[in-house]
Amino acid sequence: MEKIGKVASENGVVIFSKSTCCLCYAVQILFRDLGVQPLVHEIDHDPEGKDIEKALMRMGCSGPVPAVYIGGKLVGSTNEVMSLHLSGSLVQLLRPYQQTNLSSHD
Amino acid sequence: MNSTTTQFVPSRRMGLYEPVHQMSMWGDFRNTLLDSSPPPELMLEVNANLDNQSEDTTSQGTFAASHRNDQEASKPDDKVLRRLAQNREAARKSRLRKKAYVQQLENSKLRLIQLEQELNRVRQQGLCVGGGIDTSQLAYTGNSNPGISAFELEYGHWVEEQNRQISDLKNALHSDMGDTELQIFVDGGMQHYFELFSMKVMAARADVFYIMSGMWKTSAERFFLWIGGFRPSELVKQVLSPHLDALSEQQRLDIVNLTQSCQQAEDALSQGMEKLQFILAQAIADGLLQEGNYLPQIGAAMNKLDDLVRFVVQADHLRQETLQQLSRILTTRQAARGLLALGEYLQRLRALSSCWSSRPREQA
């Protein structure tokens, strides 16, 4: 869908979200923890939201939100993000987009 | 004497609603006991006339006087006599139905006591499914929800299989078994946990609150509950890391990174859960102290519970991913020892729960 492609390609890290979706919020928190400020596009506040939702579902996002795009490419939903993170791959994908210092964990 | 007060037990305070309430309870017994039952309007009259067989207190009360004084078989009197007979019959049937209903209640009560006793006996023998079902919560058992009943049954089998696998693993590690054969045990152990996660996802769809409260777990296990299960980072830090020996430098680094990633993922999910709690509380608290019923608020809250299921699914996915990452990082032997350590840890938690629940009580 055009709008998704446009938003995704114009921004490094995009999370398609809904304002009421708490799982989307969790993914945002994770990204912020990793020093990235994603663009959060709330489809329930988008007039084309229904179309976006259908398109995301067609692409395999069962949520359909959160749907995460990094560098213009669809990474997936929460499952994919978590798997990538545990394997160490997510940080590598995000490296070009890290803006702030990584927060340290004890 | 003309009486319009209802004469039902248990409560006279129920007033206007009482006859209708009684009627709906006994409705089920109508068909089983009696071939015909009086129409509802007649029931209401019956309530007012249980022991009073001489007065007709319908809206056609003017007949009362003529009935008492006029003994001739005139047409209106026939009707009245017939009506009275019907009333008596209806009252009799009503009393029979009530008796049958009370009898069924008594039977159910006896059955409940029997079940409680049996449950206690079985628990003491240590055979109880999961061990997490407290008789004081008997009112809640999953019996009213087939998805939960099925889960509890399956979980009982899961624990039995788990215990078998733990002793098999112990024997395998003490034998001189080669890695290829040992890997079969490791894969089996991992698969067993993955099956549990699948079971839990289905149970979460049946009753997410049940999973969130860890109802199937023993009390000590519930103490460590995080979104319906164990916290994966704690697993790695407390149970596995101290008991993994001969780790290479790369392995050590990988475990540290895995632990950190796991904690970050857990923190994110925890914060998402807090937001969900906040939103849910907000939905329920919306419009307190106002006129009207609270059905819209309950409806809004119900919708948000779907999100809760997603969190449970996500948390179990995290547990599964952690186990899978570990099996990639560790050698066969290390993974076998890790699985054994985890299994023994859970067994000890269950033993703690048993010990705790059977400790001698102080005399009041």
Side-chain angles (χ1 to χ4, degrees), chain A residues 13 15-38 40 42-44 53 56-57 60-68 75-95 98 100-106, chain B residues 197 201 208 227 232-233 235-237 250 253-283 300-301 303-329:
Chain A
V13 182
I15 304 178
F16 287 95
S17 164
K18 280 186 192 172
S19 55
T20 52
C21 172
C22 293
L23 208 51
C24 300
Y25 179 72
V27 173
Q28 284 175 50
I29 295 289
L30 180 63
F31 276 43
R32 253 173 262 170
D33 246 8
L34 301 178
V36 172
Q37 281 286 79
V40 177
E42 288 174 348
I43 66 176
D44 51 336
E53 192 168 331
L56 287 174
M57 294 196 70
C61 297
S62 54
V65 289
V68 176
V75 163
S77 189
T78 327
N79 269 10
E80 288 75 31
V81 169
M82 294 297 178
S83 301
L84 283 172
H85 190 44
L86 287 192
S87 68
S89 311
L90 186 66
V91 175
Q92 289 180 14
L93 279 177
L94 291 174
R95 213 178 291 281
Q98 279 171 335
T100 58
N101 290 328
L102 286 172
S103 50
S104 61
H105 283 264
D106 300 328
Chain B
F197 300 143
V201 164
V208 71
I227 312 188
S233 63
L235 185 86
V236 179
K237 284 194 296 189
Q250 184 61 48
L253 191 62
D254 286 343
I255 300 252
V256 165
N257 288 337
L258 177 65
T259 311
Q260 187 183 46
S261 308
C262 210
Q263 273 176 308
Q264 286 166 331
E266 285 166 17
D267 284 345
L269 287 180
S270 294
Q271 290 195 49
M273 278 288 292
E274 275 175 31
K275 182 167 192 209
L276 183 58
Q277 273 187 327
F278 178 82
I279 290 182
L280 194 61
Q282 214 175 33
N303 285 337
K304 306 205 184 313
L305 292 177
D306 290 336
D307 247 11
L308 189 55
V309 176
R310 295 184 75 193
F311 271 95
V312 170
V313 171
Q314 214 52 62
D316 273 344
H317 177 258
L318 193 65
R319 292 175 187 114
Q320 181 154 332
E321 276 301 307
T322 305
L323 288 175
Q324 274 174 331
Q325 280 301 316
L326 282 166
S327 74
R328 273 173 224 147
I329 295 171

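A note on names: the letters A, B, ... follow the listed sequences, proteins ahead of strands, and every chain is numbered from 1.
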Which bit of B:Asp307 comes within less than 4.5 Å of chain A, counting heavy atoms only: side chain, backbone, both or neither? side chain
Looking only at heavy atoms and a cut-off of under 4.5 Å, which of B:Gln324, B:Gln320, B:Gln325 has the most pairs with chain A? B:Gln325
Measuring heavy-atom distances to chain A, does B:Thr322 have an atom under 4.5 Å in its side chain, in its backbone, in both, or in neither? both
Going by an N to O cut-off under 4.0 Å, is there a salt bridge joining B:Arg319 and B:Asp316? yes
Part of A:Cys24 lying under 4.5 Å from any heavy atom of chain B: neither
So, B:Gln250 versus B:Asp254: side-chain donor-acceptor pair below 3.5 Å or not? yes
Is it the case that A:Arg32 and A:Gln28 place a side-chain donor and acceptor less than 3.5 Å from each other? yes
Non-hydrogen atoms of chain A under 4.5 Å away: do they reach the side chain of B:Ile279, the backbone, both or neither? side chain
If we ignore angles and hydrogens, is there a donor and acceptor under 3.5 Å between the side chains of A:Asn79 and B:Gln314? yes
When heavy-atom pairs shorter than 4.5 Å are enumerated against chain B, which of A:Val81, A:Leu23, A:Val27 gives the highest number? A:Leu23
Mind listing the closest non-hydrogen atom pair of A:Ala26 and B:Gly272 along with its distance? CB-CA, 4.2 Å
